[in-house]
There are 2 protein chains.
Amino acid sequence: MNGTNEAIDTIERELTAFARRARAAAARLHPDLPLVSYTLLAHINDQRGCRATDLAAHYLLDKSTVSRQIGSLEKLGLVERRPDPDDHRVQVLHPTRAGAELLSATHASRHTAFQERLADWSEEDLTRFAAYLLRYNQAGRADQANRTGHTGHTGPADPATAA
Amino acid sequence: MNGTNEAIDTIERELTAFARRARAAAARLHPDLPLVSYTLLAHINDQRGCRATDLAAHYLLDKSTVSRQIGSLEKLGLVERRPDPDDHRVQVLHPTRAGAELLSATHASRHTAFQERLADWSEEDLTRFAAYLLRYNQAGRADQANRTGHTGHTGPADPATAA
DNA sequence: GTTATTGGTTGTAGAGTACATCCATTGATT
DNA sequence: AATCAATGGATGTACTCTACAACCAATAAC
C-alpha cells in the first residue's frame, strides 16, 4: 500500500463520514426550511432562474423528486414558477422576495458557522482546500457542458461521483 | 469580501453540493447493501467491535436510528451482537464472516471508483486533500475524547458541523 | 401528420430519520 | 441497602426524501 492509495482511502473515508453527518448537521443549522429544499432554493437563486430539469441533473435527483420539492417550496411561498414564452412545457423557477430573504438570512448563519469551524485555518490552507473541493466536484457533475469527449455513458454520471 | 471569505463560501458551497449528491451516488455504487448501513458496517469493522452508542455519536444519528440499522444488518447476517460481560446493557457489535467479506468486496469497488476519479491528481495533492478533509472533519466529531477545554455545550456537536 | 422526445406531475412504495416513551442495567447518594 | 439518576437500547409513530412507473402536454423529427 503506497502513499497514494492511503491518501485515496482517507479521502474516501472522510468524504463518506462527512456525507453521513451532513444531513443531521443541516437539519440543525436551519430547522425552519423543510430543508433539502434549501439547497434547491439556493441553486435557483444562484442561477437566477432555472428549470426543474437543471436541478435534477445537478443534484442527481429524479424529476419527480424535484417536482415535489419545488411544489413544497412554492407552497411555502419561497419559489415562483413562470411560464417560458418560448417553450410552453418549461417553467422557469425564481425565488420570491420571501425566498430571497430567507435565503440570505440562512446563508449568513451558515457562513458564520463555517467561519467558526474554519477559524484557525490559514488563508492559504482555506484557498487550497476550496480549490481541491472544486476540483473534486467538477468531475462528478452531470450538468456539465460536456467533458472530454466520450460522453458516451450519458447515464447518471459515473457512480464514483461522491459517497 | 476578502479571499478568506470567498474561500469559505466556496468550501461551504462545494461541501454542500457534495453532500447533496452523495446519497444518489452511494446508491449507485453498491446497490446490494441496504446501503446506509454500509457506512455503519464499515465503522464496526474498522473499530473491531463497537457499541451502538459509538455509532450514533460518530455519525450524529439518533440511537433509535442506529438500533434499527443494526437490526437490519443483523437480519442480513452481516453483523453479530455479543453481550458485554462487564456491562450487561451493552452489546458489542462485530461483523460476521459474511459481513467482512461483503465489506471488503465493496471497499475494493469503491476504492477503484475513487482511484479513477482521482487518477489525474498528483500524490502531493492527494495527501494534502486528505489531510484537509481529516482536519475539517476532526472538528465536527461528537465522539471525540474531549476537545480543548470548555466542552460546555455538550450538545449534539456544533451545528456548523457539515452541510 | 404521425411518431418520438422532452419537461413536468401524480400514484405508489420504501428507505432513513427523529422524537418520545419505555425497559433493563448500572452508578451515585444517602 | 434503598432510592434515584444516568446510560444503552428497543419500539411506537410519523414525516421527509427518494425512486420508479405511468401519465399528460408540448415540442421536435421524420
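Below, chains carry the letters A, B, ... as their sequence lines are ordered, and counting in each starts from 1.
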Exercise. State which residues pass salt bridge (Lys or Arg N to Asp or Glu O under 4.0 Å) with B:D87; sequence neighbours excluded, sorted by chain then number.
Key: B:R89
Self-check item: Sequence neighbours excluded - salt bridge (charged side-chain N to carboxylate O under 4.0 Å, His left out) pairs with any residue from residues 55-64 of chain B
Solution: none
May I have the list of side-chain donor-acceptor pairs in residues 96-103 of chain A shorter than 3.5 Å, sequence neighbours left out?
from	atom 1	to	atom 2	distance (Å)
A:T96	OG1	A:G77	O	2.6
A:T96	OG1	A:L78	O	3.3
A:T96	OG1	A:A98	N	3.4
A:T96	OG1	A:G99	N	3.0
A:R97	NE	A:E101	OE2	3.3

Quiz item: Would A:L41 and A:V92 show up in the same hydrophobic cluster when neighbours are defined by side-chain heavy atoms closer than 4.5 Å?
Solution: no
Quiz item: Mind checking what makes side-chain hydrogen bond (donor to acceptor under 3.5 Å, both in side chains) contact with B:S72, not counting sequence neighbours?
Solution: none
Quiz item: Got a sec, which residues hit salt bridge (Lys or Arg N to Asp or Glu O under 4.0 Å) with A:E74, two or more places apart in sequence or on another chain?
Solution: A:R81
Self-check item: Sequence-distant partners of A:R51, salt bridge (Lys or Arg N to Asp or Glu O under 4.0 Å), two or more places apart
Solution: A:D54
Quiz item: Closest nucleotide of DNA chain D for B:V90 versus for A:S64: which of these residues is on the 5' side?
Solution: B:V90
Quiz item: Who passes salt bridge (Lys or Arg N to Asp or Glu O under 4.0 Å) against A:D46, sequence neighbours left out?
Solution: none
Quiz item: What residues, two or more places apart in sequence or in another chain, satisfy side-chain hydrogen bond (donor to acceptor under 3.5 Å, both in side chains) together with B:S67?
Solution: none
Quiz prompt | Nearest-Å distance for atom pair CG/C1', residues B:D62 and D:dT11 | solution = 12 Å
Practice problem: Provide, to the nearest angstrom, the distance between the NZ atom belonging to B:K63 and the P atom belonging to D:dG12. | Solution: 15 Å
Self-check item: B:R23 CZ to D:dT16 P, straight-line distance once rounded to whole Å
Solution: 15 Å
Practice problem: Would you mind reading off the distance between A:L55 atom CG and D:dT18 atom C1', rounded to a whole angstrom? | Solution: 15 Å
Exercise. State whether a side-chain donor-acceptor pair under 3.5 Å links B:N5 with A:Q115.
Key: yes
Quiz item: If you walk 5' to 3' along DNA chain C, what is the first nucleotide with an atom under 4.0 Å of a heavy atom in chain B, and what is the last?
Solution: C:dA15 to C:dT26
Quiz item: Which of residues 65-83 of chain B sit near DNA chain D, with a heavy atom under 4.0 Å from it?
Solution: B:S67, B:R68, B:R81
Quiz item: Taking only residues two or more places apart in sequence, or in another chain, which ones meet B:R135 in a side-chain hydrogen bond (donor to acceptor under 3.5 Å, both in side chains)?
Solution: A:D125
Report each atom pair, protein N/O against N/O of nucleotides 24-30 of chain D, whose distance is under 3.5 angstrom.
from	atom 1	to	atom 2	distance (Å)
D:dT27	OP1	A:H88	N	2.8

